Amino acid sequence: MKKSGFPLLSLGNKLIDAYIKCEAIDDGRTLFDEMTTRHIVTWNSMISTYIRQKRIGEAIKLYEEMILDGIIADEFTYSSVFKAFSDLGLLQEGRKAHGRLLVSGLSVSNVFVGSALVDMYAKFGKLTDARLVSDEIVEKDVVLMTALIVGYTQNGEDFEALKIFRDMIKDGIRANDFTFASVLIACGNLADMNIGKQIHGLLVKSVSEFAVASRTSLLTMYSKCGLIDDSLKVFDRFFNANLVTWTALIMGLVQNGREESALSIFCQMIRNSMTPNAFTLSTVLRACSILAMLTEGQEIHGLVLKMGLDRNRFVGAALIDMYGKCGIIKMASSIFNNLNELDVVSVNSMIYGYAQSGNGEEAVKLYDQMPGLGVKPNDGTFVSVLSACSNAGLLEEGRRIFSSIKNNHEIELSSDHYACMVDLLGRAGKLEEAERLINQVKNPDVVLWRTLLSSCKIHGDVEMAKRIMNRVIELKPGDEGAHILLSNIYASTGNWNEVTKMKVMMKDMKLKKNPAMSWIEVDGEVHKFMAGDLSHPRSMDIDEELKRLSEKIEGLGYVPDARFVLQDLDEKDKERSLYYHSEKLAIAFGLLSSSNRSTCIRIFKNLRVCGDCHNWIKFVSRVVGREIIARDAKRFHHFRDGFCSCGDFW
DNA sequence: GTAGGGTTAG
């Protein structure tokens with residue numbers, strides 16, 4: 001580097017100082033490079049300014065240059081470079097710098113150096129190193145303790161974080177807003193509202209004015225503890241809520257099952273002239289996706305495009321999921337193909353999108369392409385692709401994938417993976433093989449047995465069901481799902497005595513069945529229907545429509561299938577009960593409400609669609625010449641011209 | 001040294 005030699009050291013330093021104060025670091029740098037003698041203070045202020053301006057790479061280059069120049073770094077230098085290495089994720093480099101610091105005779109006991117080092121190790125998840133360094137610091141201060149607390153919460157050691165906080169208070173170190181912001185996150189992660197409330201009280205006492213960050217943490221803490229109304233109260237008292245605060249509230253509402261409120265708060269946020277970012281948009285998209293609100297989802301997609309965020313991986317994955325859950329798989333895959341960078345979550349979302357739409361081949365194809373795409377499968381990938389195989393009845397593909405997990409030494413075969421495989425085998429009718437597989441698991445949990453039980457129901461194997469039920473009861477006597485399953489198995493095989501016994505037993509155990517419900521969105525309004533529910537204002541018209549449909553489809557060969565009535569009624573009443581199943585009511589209402597033949601009817605059901613209704617909808621799609629999409633608790637069924645996308649396998 | 005995000009069967 002050419003050095004023309006700026007003559008006066010002190011004047012040069014002052015000039016650089018002035019440039020830095022004006023944030024004109026590039027001009028400062030030009031001058032700096034020209035100086036013949038450079039003082040350590042100037043090196044330090046150049047480095048720390050680069051870091052402040054988030055030009056971390058340049059900061060590190062300068063530090064390396066400094067070492068080559070033979071300058072001996074001091075405490076100020078090290079506290080900056082530790083931060084730089086931690087921001088860039090360079091653990092080895094950071095360790096080297098730590099070593100160099102020790103060799104040069106400096107000590108970590110300086111609280112500035114120590115805190116930066118603790119923060120660096122903590123961010124790398126090296127909590128033991130962080131703790132060792134902090135133990136050497138005699139004069140501990142609030143910054144150091146906060147760095148430790150953050151380190152522990154970010155590494156899932158929330159309980160330990162709280163302990164550090166407690167000791168800190170005991171040692172007479174006053175917590176500030178930074179500390180509260182972090183420690184409240186720990187309470188939220190632990191979902192411990194008692195400690196959370198105590199810390200809330202402490203916060204009120206300790207800080208004269210709340211900072212936005214600590215109040216936002218408070219809001220998040222309440223929503224993670226399931227106390228969303230308290231979050232709303234915290235929010236109401238904000239006068240300076242920023243985008244993070246709004247996003248945290250929206251997220252909290254979604255996590256607490258209040259998706260509609262989340263959307264209306266989002267609209268309120270927009271009216272308040274806040275510009276959403278990728279965080280906000282991925283969160284509201286999740287709300288749309290849970291409720292399968294296509295119209296709203298599309299509006300947000302419009303916003304995403306306007307902001308140029310459609311290739312962002314977080315927003316992209318949320319869009320894929322939303323379109324997948326709304327059954328528009330083509331849109332999901334076009335977003336997937338346009339993503340800037342693929343990662344495992346977006347691939348998993350896409351695979352699961354195919355799984356829900358019954359497109360097992362595409363799901364497996366994408367899974368097989370993953371190595372070529374440079375994306376390593378994780379736990380979720382296997383869950384998604386195995387459930388795709390299960391939905392599509394792809395037994396051999398499923399077996400191949402399951403054994404590839406076994407051979408993949410980076411991923412441990414979990415009980416979730418076994419559950420998927422048991423489901424796949426069971427639904428494909430390989431009940432014994434499924435049972436043998438469960439017996440290979442060390443401590444099989446109740447979920448595995450319950451999964452097999454549901455396969456027994458599909459294949460009407462009462463004997464096996466009884467045997468499996470005993471295993472369930474050993475593990476979890478009051479398992480609601482298993483009791484309902486077994487009682488349905490008895491019902492579908494006409495064993496009404498046993499059904500009655502089960503009902504009495506379930507009543508004694510206070511187990512309740514979740515009633516079936518279907519809904520449809522018409523002109524932005526959701527209409528819900530229960531089986532036999534005649535409370536809808538247009539129920540007379542719905543009844544008429546059902547009658548018209550029945551006549552037409554019976555002419556084409558539809559016969560009600562009373563096996564799907566799970567009550568002890570005579571044949572006539574059984575048919576009547578089938579006739580008013582909630583999904584039929586919703587579809588009849590949908591047909592009444594939209595005469596435009598080119599639009600499809602989209603209904604939702606909270607449980608799985610029943611076999612008779614499935615058949616009924618196939619016929620109806622043919623006579624009305626319209627596409628009908630039914631999303632049940634697990635997947636989509638696209639009915640067109642008498643056929644369903646699931647190929648009758650679900 | 002601080003607050004907010006995307007996927008998952010049964």
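Hydrogens, waters and symmetry mates play no part in the numbers below; they use all other heavy atoms, side chains included. This is a predicted model, so every value here is computed, not measured. Reminder, nothing fancy here: chain letters follow the sequence lines and each chain counts from 1.
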Atom-to-atom span, [atom1] of [X] to [atom2] of [N] - whole angstrom:
X: A:Asn391; N: B:dG10; atom1: CG; atom2: C1'; answer: 12 Å
X: A:Asp416; N: B:dA9; atom1: CG; atom2: P; answer: 10 Å
X: A:Asn110; N: B:dG1; atom1: CG; atom2: P; answer: 14 Å
X: A:Leu413; N: B:dT8; atom1: CG; atom2: C1'; answer: 16 Å
X: A:Gln356; N: B:dT8; atom1: CD; atom2: C1'; answer: 10 Å
X: A:Ile405; N: B:dA9; atom1: CD1; atom2: C1'; answer: 12 Å
X: A:Ile411; N: B:dT8; atom1: CD1; atom2: C1'; answer: 13 Å

Discussion item. Applying ring pair (Phe, Tyr, Trp, His ring centres under 6.0 Å), can you list everything that pairs with A:Tyr323, at least two apart in sequence or on another chain?
Written reply: A:His301
Worksheet item: Can you find a side-chain donor-acceptor pair between A:Asn337 and A:Ser334 that sits under 3.5 Å?
Response: no
Just jot down the side-chain contact (heavy atoms from CB on, under 4.5 Å) partners of [X], sequence neighbours excluded, or say none.
X: A:Met421; result: A:Leu386, A:Arg399, A:Phe402, A:Leu424, A:Leu425, A:Leu437
X: A:Phe76; result: A:Asn44, A:Asp74
X: A:Ala482; result: A:Arg450, A:Leu453, A:Met469, A:Val472, A:Asp479

Response to the item:
With sequence neighbours left out, the residues meeting side chain to side chain donor-acceptor pair (under 3.5 Å) with A:Asn277 are A:Thr280
Practice prompt. For each nucleotide in nucleotides 2-7 of chain B, reading 5' to 3', give B when a protein heavy atom comes within less than 4.0 Å of its base, S when such contact involves only the sugar-phosphate, and - otherwise.
Written response: BBBBBB
